[in-house]
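Structure record follows, encoded as C-alpha cells.
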Amino acid sequence: MAASRAALRAMREDAEALNIADVTANWVNAEVLQGEIDARIKALADLSHTPLFFGRLDYLHAPGLDLAEGASRGAAHSASGEGGGGREGENFYIGRRHVHDADGDPMVIDWRAPVSQPFYRASKKDPMDLRLRRRFGYTAGELTAYEDEHLTDPAEAERTSRLLQTEIERPRVGPMRDIVATIQPEQDEIVRAGIGGSVCVQGAPGTGKTAVGLHRVAYLLYAHRERLARAGTLVIGPNRSFLHYIEQVLPALGELEVKQATVDDLVGHVEVRGTDEAAAAMVKGDARMAQVLRRAVRSHITMPQEPCVVVRGSRRWRVPAYELEELVQELMDRDIRYGAAREALPQRIAHAVLVRMEQAGEAPDDRVQDAVARNPAVKAAVKEVWPPVDPAKLVLRLLGDAEFLAEQAEGILTPEEQKTILWTKPARSVKSAKWSSADAVLIDEAMDLVVRTHSLGHVVLDEAQDLSPMQYRAVGRRCTTGSATILGDIAQGTTPWATHTWEEALAHLGKPGSAVEELTQGFRVPREVIAYASRLLPAIAPDLTEATSIREAAGDFEIRPVEPADLTAATLAACDDALKKEGSVGLIAAEARIPVLRAALEAAGTTCLAPGEETSAEARLTLVPATLAKGLEYDYVVLEEPAAIVDGEPDERTGLRRLYVCLTRPVSGLTVVHGAALPEALAGV
C-alpha cells in the first residue's frame with residue numbers, strides 16, 4: 001500500500017515536471033497541451049480515505065493475450081499496458097486506478113481492465129483460472145484486514161465473504177459512494193456490456209441500479225476513451241438533490257469530465273415560471289404532441305404562386321412557379337429538417353438558374369451558383385414559400401391560439417384535449433409567457449424539427465420510469481448516434497404519466513429492442529423492510545418480481561401507532577432514537593407536513609439538512625419531502641404518516657408508489673410513525 005501510494009505520487013510529480021516550452025508550435029497548441037497536462041495532474045490526485053486497491057488475484061497461468069491486450073488498450077492514462085505479459089503464477093492488485101512504478105511496470109491494475117474481471121465473476125464452479133482471490137478491508141483509508149478465497153481448493157467450501165458483507169452493511173454517511181469493491185456478477189455483466197447497444201436496467205430498491213449505471217459510464221470511458229472524449233457523456237437524474245448526492249462517485253473512480261443534468265436542464269430554452277394541472281401535463285407529455293408540432297412547423301410552407309426572376313447584368317433568368325413548386329415538393333418529400341431544407345432551397349433555385357445559363361451558352365461555376373443563391377429575388381422567394389420558424393413562438397401560438405391549435409391537432413387530439421392544454425390567458429411574448437416544464441419540452445421538440453439536436457456518445461438516464469413520452473423523446477435526441485443506459489423501477493413511477501412497460505419507454509426513447517435486464521437482489525434495504533414494502537407490489541406493479549436482500553442484518557424495523565394529536569411529538573422522539581445510533585437519518589414526510597416538522601425540529605434544537613446536503617457529525621438528520629425521496633438513501637429512516645403521503649398524490653396508485661419509494665430508503669432501520677390508519681396492504685404488522 002505504501003509503495004503504490006509513493007508510485008502514484010511519483011506519477012503526479014512526473015506530470016507536474018513536464019516542460020512544454022519548446023514542444024509546441026504556437027500559443028494555441030501550448031494552451032491545449034497544458035490543459036491536457038492539468039487534467040492529467042488532477043486525475044492523479046491521491047484521495048487519502050480512498051484505498052488504491054481492494055483486491056488481489058493470483059492466477060494459475062499467465063492471463064490470455066486478449067486480456068493482456070485489452071488491459072493495455074484500456075490503460076489510456078499510462079505509458080504502459082496493464083496486465084500484459086503476466087508470468088505463470090503472477091498476482092495482480094486490483095484497484096480504482098492504474099498505478100505503475102518508475103520502470104513502467106504496473107503495481108495496481110484498473111478494475112475495468114479485462115484481467116481484473118475475474119475479481120467480480122470467478123467462483124468455485126468457474127474459477128476463471130484463479131488460484132486465489134484476496135479481498136482487503138479498510139478503516140478510514142488504513143489497511144486493517146484481508147480475506148482469502150482459494151477457488152481451486154476442493155476442501156474449501158463456497159462461502160459468503162465477510163469483508164464483502166461488512167462493506168455492504170457499512171453505515172451510509174454523506175454522499176453516495178462507489179461500489180467498485182462489491183460489484184456482483186450480475187451487476188458486472190451490465191457494467192461491462194458493450195457500447196454498441198443500449199441497456200435498460202429494471203431494478204428494485206437497493207439493487208444498486210444507479211451505482212451500476214455510474215460504473216458503466218466509468219467502464220465505457222476506460223474502454224472507449226477516445227471515442228467518448230469526442231462525442232461526450234452525460235448523466236441525467238430526476239432533480240438537483242439527486243445529482244448532488246451522486247456527484248462524487250465518478251471522480252472517485254478517476255472520471256472527472258462527465259457532465260450531469262436534469263431533463264429540465266436539457267430543455268431549458270425558456271424560463272420555467274408556471275405549472276400545469278395533471279391533465280394538461282399528461283396531454284402535453286403525450287407522444288401525439290410530436291405529430292401536432294411537426295404539422296405546425298410544416299404549416300408555414302406554402303407553394304409558390306409567382307415565378308422567380310433573377311437579374312444578372314443585362315440578363316434576366318426566370319424560374320417558373322411550377323418548377324419552384326417541384327423543388328419545394330421534393331424537399332418536403334425528403335422529410336429533412338425544416339431548417340436544413342430552408343438552407344437547401346436557395347441552392348436548388350440557383351441550380352435551376354445555372355441550367356438555363358448553360359443552355360444559353362454560358363459557363364457558370366460554383367461561385368456563380370452561390371452568388372445566385374444570395375440574390376435578393378431568390379431570398380424573397382425562399383422567405384415567401386419557406387419562412388423561418390422560431391420554435392418558442394410556434395409553441396406560444398399553438399397554446400394560445402385556439403383556431404391554430406384546432407387546425408394542427410385535427411384528427412390527433414380530441415377537442416377536449418385541445419381545450420385542456422389551451423392557455424386561458426394567451427401570453428403576448430415568449431419572455432412574458434409563464435412556461436411550464438412540459439411547455440419547455442414541446443419547444444425542444446420544435447427546435448429539433450427545425451435544427452438537428454447534437455448527439456452524445458453515451459447517456460445514462462436514471463429514475464427513467466417517471467418520464468413522459470415527450471421527455472423520453474427529448475433524451476433520445478441527445479443519443480441518436482450514441483448509446484444509452486436506462487435505469488429505473490416501474491414500481492417507483494410516481495408521475496401521472498409514468499411508463500407502464502420498458503418496451504414502451506424504449507420506443508419513445510428511439511432505442512426499441514434494447515436489452516432489458518432485471519436486478520432483484522438487494523444490497524441496501526434490510527430484509528424485513530423490503531419484505532414490508534413489497535406488500536404494495538400487487539397494487540402498484542403486479543408483474544414485477546419481488547426483491548430479496550442479501551443483507552444478513554434484519555435491520556431495526558418498527559411500526560409506532562400514536563394518537564393523531566401526538567404525531568409531531570412522536571415523530572421527533574423517533575428521530576431522537578435514530579440519532580443515538582451511528583449513521584445518517586432521514587425524516588420523510590408528506591409535503592404539507594415539512595414546514596410543521598422543520599419548525600418543531602428548530603424549537604427542539606435539532607439541526608436538519610435539506611435533501612442532497614452532506615451530513616456531518618454535527619448534522620446527521622435530513623428533512624425530506626416525500627416527493628424528493630427518490631434515489632436517496634439513509635442509514636435510518638423515520639417515515640411519518642403513510643396515509644398523508646398517499647393522499648398527497650392525484651390518485652391512490654400513484655400515492656402507493658410514492659409510499660413504496662419512501663419505505664425503501666433505509667439502509668439499517670425504519671420506523672413508521674402514524675396517527676391515521678395504514679393503507680390496507682400494510683396493516684396488521
* **Row check, Y219 ring normal vs R112 NZ/CZ: under 6.0 Å, within 45°** => no

How would you list all residue pairs meeting salt bridge (Lys or Arg N to Asp or Glu O under 4.0 Å) that involve [range], not counting sequence neighbours?
{"range": "residues 197-208", "value": "none"}
{"range": "residues 448-460", "value": "R337-D448"}
{"range": "residues 236-254", "value": "R240-D265"}
{"range": "residues 279-295", "value": "D276-K284, K284-D439, D286-R288, R288-E417, R294-D335"}

Within 6.0 angstrom of [X] [atom1], more than 12 heavy atoms from elsewhere:
{"X": "E31", "atom1": "CD", "value": "no"}
{"X": "R273", "atom1": "CZ", "value": "yes"}
{"X": "H300", "atom1": "NE2", "value": "yes"}
{"X": "E257", "atom1": "CD", "value": "no"}

I'd like to check [X] versus [Y] (side-chain heavy atoms, cut-off strictly below 4.5 Å). Are they in contact?
{"X": "I349", "Y": "L345", "value": "yes"}
{"X": "I179", "Y": "F523", "value": "no"}
{"X": "Q260", "Y": "L234", "value": "no"}
{"X": "L456", "Y": "C479", "value": "no"}
{"X": "V235", "Y": "V459", "value": "no"}
{"X": "T275", "Y": "S436", "value": "no"}
{"X": "L487", "Y": "Q202", "value": "no"}

Test side chain to side chain donor-acceptor pair (under 3.5 Å) applied to [X] - qualifying residues, sequence neighbours left out:
{"X": "E330", "answer": "R348"}
{"X": "R477", "answer": "D444, E445"}
{"X": "Q329", "answer": "D333"}

Non-hydrogen atoms of [X] and [Y] that approach each other most closely:
{"X": "L44", "Y": "A15", "answer": "CD1-CB, 4.3 Å"}
{"X": "P106", "Y": "H98", "answer": "CB-CE1, 3.9 Å"}
{"X": "A281", "Y": "W497", "answer": "CB-CZ3, 3.5 Å"}
{"X": "G206", "Y": "R524", "answer": "N-NH2, 3.1 Å"}
{"X": "L331", "Y": "A344", "answer": "CD2-CB, 4.2 Å"}

For [X], salt bridge (charged side-chain N to carboxylate O under 4.0 Å, His left out) partners two or more places apart:
{"X": "R334", "answer": "none"}
{"X": "R374", "answer": "none"}
{"X": "E407", "answer": "none"}

From [X] [atom1] over to [Y] [atom2], what is the distance, rounded to the nearest 0.5 angstrom?
{"X": "R473", "Y": "T453", "atom1": "CZ", "atom2": "OG1", "result": "10.5 Å"}
{"X": "W386", "Y": "R298", "atom1": "CH2", "atom2": "CZ", "result": "6.0 Å"}
{"X": "R192", "Y": "Q117", "atom1": "CZ", "atom2": "CD", "result": "5.0 Å"}
{"X": "H224", "Y": "S483", "atom1": "NE2", "atom2": "OG", "result": "8.5 Å"}
{"X": "L228", "Y": "L220", "atom1": "CG", "atom2": "CG", "result": "6.5 Å"}
{"X": "M176", "Y": "H244", "atom1": "CE", "atom2": "NE2", "result": "14.0 Å"}

* Report yes or no: do E463 and Q492 form a side-chain donor-acceptor pair below 3.5 Å? => no

* Asked: For Q34 and D38, what are the C-alpha separation, side-chain angles and deciding distance, and is it a side-chain hydrogen bond (donor to acceptor under 3.5 Å, both in side chains)?
  -> CA-CA 6 Å; Q34 188 60 53; D38 291 343; 2.9 Å; yes

* To do: I would like to know whether V385 and I301 meet side chain to side chain contact (heavy atoms under 4.5 Å, CB included); could you show each step before the answer?
  => CA-CA 5 Å; V385 301; I301 304 171; 5.6 Å; no

Pair [X] + [Y], salt bridge at N-O below 4.0 Å:
{"X": "E36", "Y": "R40", "value": "no"}
{"X": "R97", "Y": "D110", "value": "no"}
{"X": "E255", "Y": "R225", "value": "yes"}

* Chi angles and distances behind the side-chain hydrogen bond (donor to acceptor under 3.5 Å, both in side chains) call for Q465, D489 -> CA-CA 6 Å; Q465 72 281 343; D489 180 10; over 6 Å; no

* **Of L221, V258, T233, the residue whose pairing with L250 passes side-chain contact (heavy atoms from CB on, under 4.5 Å)** =>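 That would be V258; it is the only one of L221, V258, T233 passing the side-chain contact (heavy atoms from CB on, under 4.5 Å) with L250.
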
* Run the side chain to side chain contact (heavy atoms under 4.5 Å, CB included) check on R177 and V249 step by step: do they pass? -> CA-CA 5 Å; R177 60 175 185 262; V249 174; 5.9 Å; no

* **Within residues 176-200 or reaching into it, pairs that qualify as ring-ring contact (aromatic ring centres under 6.0 Å, His included) - sequence neighbours excluded** =>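 Matches after skipping sequence neighbours: none remain.
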
* Asked: Once the angle between the rings of Y120 and W111 is folded into 0 to 90°, is it parallel (under 30°), tilted (30 to 60°) or perpendicular (over 60°)?
  ->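 Judged by the thresholds at 30° and 60°, the geometry between Y120 and W111 is perpendicular.
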
* Would you please test R657 and T494 for side-chain hydrogen bond (donor to acceptor under 3.5 Å, both in side chains) and show each step? => CA-CA 6 Å; R657 285 185 168 186; T494 51; over 6 Å; no

* To do: In sequence, state the C-alpha distance, the side-chain angles, and the governing distance for L398 and W423, and then conclude on side chain to side chain contact (heavy atoms under 4.5 Å, CB included).
  => CA-CA 9 Å; L398 198 65; W423 287 343; over 6 Å; no

* Set of residues satisfying side-chain contact (heavy atoms from CB on, under 4.5 Å) with respect to A464, sequence neighbours excluded ->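 Scan of A464 (side-chain contact (heavy atoms from CB on, under 4.5 Å), adjacent residues dropped) gives L461, Y472, I486, W502.
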
* Asked: Taking it one step at a time, do Q184 and Q521 satisfy side-chain hydrogen bond (donor to acceptor under 3.5 Å, both in side chains)?
  -> CA-CA 10 Å; Q184 298 300 290; Q521 188 176 60; over 6 Å; no

* E189 and R121: CA distance, side-chain angles, deciding distance, side chain to side chain contact (heavy atoms under 4.5 Å, CB included) verdict -> CA-CA 9 Å; E189 288 184 16; R121 300 205 193 174; 3.7 Å; yes

